[in-house]
Amino acid sequence: MKLNRLFSPALAASMGAVLALSGCAAFTDESDQAAGGRLDIAVGFYPLQFVAERVAGDLATVENLTTPGQEPHDLELSINQTSALARADVVVFEQGLQPAVDDAVASNAEGVVIDVVDIVDLLPPSTGGDETDPHFWLDPLLLDEVAAALAKELSALDGDNASTYAANAAALHDELVDLDEDYTAGLAECERNVVVVSHDAFGYLSRYGLRFEAIAGLSPDAEPTPADLARLHDLIDTEGLTTIFGERLISSAMVDTLAADTDVQAAVLDPLEGLTEESEGEDYVSVMRYNLEALMTANGCQ
């Protein structure tokens, strides 16, 4: 595990430009809040926000750089977001998932930087190739590893509250272990184990005995070839599938067309890259439980 601090030689100059454009008053107010005892944590996307809020509790202000409903892969940072990242006591991100965040961390992050790539072991995509699959958070036990690492770092920064961070992380650990056990039990006895999804985002659920076949690749913007679609047609027929899964943050056009062509249902399986208006009031655990129910229904699990 590598938890490191990144300092930019050009930080002073870049922050000067940020302040000139965004206004000094807002920056001063938020800095005063941090000085009052609350840590500032900036995170790249929703699952990291969930972990940071649960581990830090009321002891930190957590800013998600990806707004609800936004596709995190496509994130472009505003000046205010870059300012928030620069002044954060802790930045939690995943290198390679959001290029704009990678660049901002390398140029501007002044606090402690936690790259989850240094904490969890990423899988190769189920479609093959040299890339790695960034969607680790769909495995609750891997997300728990990030929570433990964050609790350790927050305790080092704020020793007076170390016991609170540890207790919060322990409570989240229990919840994530329960979730993992429910997935294991719920998917243990199913009529089918093949799942067709819109893009290759669900490989971390394969350890529960599922096999995922994606219409597109790792990128939600990838387009399937005619050969890909022909193969999926045959697979749906051969495996007797009843459902094809789309997602909330991307267009359902490909899924709807394939479902209509093969006379099966189209449903939603949420890769939890971010929340939307449709998931208002939900959180990581509740959406993961929704996914479990959807998978059990589609696969005829007992």
Side-chain angles (χ1 to χ4, degrees), residues 3 6 40-56 60-78 80-86 88-106 108-109 111-120 122-123 125 131-140 142-147 149-150 153 172 176 197-205 218-221 247-250 268-288 290-291:
L3 302 178
L6 297 181
D40 282 332
I41 303 174
V43 302
F45 54 98
Y46 173 68
L48 303 181
Q49 176 190 354
F50 170 77
V51 167
E53 289 177 342
R54 289 293 300 271
V55 172
T61 300
V62 178
E63 176 156 351
N64 185 356
L65 299 173
T66 304
T67 58
Q70 183 178 20
E71 222 294 323
H73 299 273
D74 301 330
L75 175 66
E76 295 294 336
L77 295 180
S78 69
N80 286 339
Q81 288 173 314
T82 302
S83 172
L85 184 150
D89 300 293
V90 180
V91 178
V92 190
F93 80 119
E94 181 176 2
Q95 189 172 25
L97 179 67
Q98 298 173 289
V101 176
D102 294 352
D103 292 344
V105 166
N108 297 307
V112 173
V113 171
I114 301 176
D115 181 356
V116 298
V117 171
D118 296 328
I119 299 169
V120 302
L122 298 181
L123 296 174
E131 299 176 271
T132 58
D133 182 347
H135 306 88
F136 74 92
W137 57 88
L138 290 172
D139 183 336
L142 292 182
L143 194 63
D144 183 48
E145 292 182 20
V146 175
L150 178 59
E153 196 62 43
L172 179 57
L176 294 175
V197 293
S198 56
H199 89 282
D200 193 8
F202 299 93
Y204 289 87
L205 296 179
L218 276 177
S219 169
D221 298 325
E247 303 173 19
R248 286 198 172 99
L249 292 179
I250 62 176
V268 171
L269 198 65
D270 197 326
L272 264 163
E273 294 177 342
L275 298 181
T276 68
E277 291 181 359
E278 295 178 32
S279 51
E280 184 177 358
E282 303 289 340
D283 66 6
Y284 170 85
V285 173
S286 64
V287 175
M288 283 289 287
Y290 161 84
N291 283 347

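Computed from a predicted structure; not experimentally measured.
Taking CH2 of W137 as the reference point, atom CG of L176 lies at 15.0 Å (rounded to 0.5 Å). Interatomic distance, D139 CG to F202 CZ, rounded to the nearest 0.5 Å: 14.0 Å. To the nearest 0.5 Å, atom CG of residue D74 and atom CD of residue E71 are 5.0 Å apart. To the nearest 0.5 angstrom, Q95 atom CD is 7.5 Å from D118 atom CG. In this structure, CG in D270 is found 11.0 Å from OH in Y284, a value given to the nearest 0.5 Å. We find the CG-CG distance between L97 and D133 to be 10.0 Å, quoted to the nearest 0.5 Å.
Contact of the F93 side chain with the D115 side chain is registered, since non-hydrogen atoms from C-beta on lie closer than 4.5 Å. Annotation: side chain of L150 is in contact with side chain of V90 (closest heavy-atom distance under 4.5 Å). Between F136 and E94, some side-chain heavy-atom pair lies under the 4.5 Å cut-off. Contact check for L138 versus M288: side-chain heavy atoms found under the 4.5 Å cut-off. At least one side-chain heavy atom of F50 sits under 4.5 Å from a side-chain heavy atom of L143.
Closest approach of L172 and A147 over heavy atoms only: CD2-CB, 3.8 Å. Summarising the geometry of Y204 relative to L122, their closest heavy-atom pair is OH-CA, 3.2 Å, with the distance given to 0.1 Å. Between L48 and V92, the shortest heavy-atom distance links the atoms CD1-O, 3.6 Å. Shortest non-hydrogen contact noted between E282 and V287 is CB-CG2, 3.8 Å. Looking at every heavy atom in both residues, L75 comes nearest to L65 through CD1-O, 3.4 Å. Across A100 and L77, no two heavy atoms sit closer than the pair O-CD1, 3.8 Å.
Judged by distance alone, with hydrogens and angles left aside, the side-chain atoms of E273 form no donor-acceptor pair with the main-chain N or O of P72 at under 3.5 Å. The closest donor-acceptor contact from the side chain of Q98 to the backbone of G44 lies under 3.5 Å. In this structure a side-chain-to-backbone donor-acceptor pair under 3.5 Å is missing from T61 to D40. With hydrogens and angles ignored, the 3.5 Å screen pairs no side-chain donor or acceptor of T67 with any backbone N or O of Q70.
Between D283 and S286, the side chains place a donor N or O and an acceptor N or O closer than 3.5 Å (distance only, hydrogens not considered).
Ring pair H73/H135 is tilted by interplanar angle, where 30° to 60° counts as tilted.
The side-chain tip of R248 does not point at the ring of Y46 from less than 6.0 angstrom away and within 45° of straight on.
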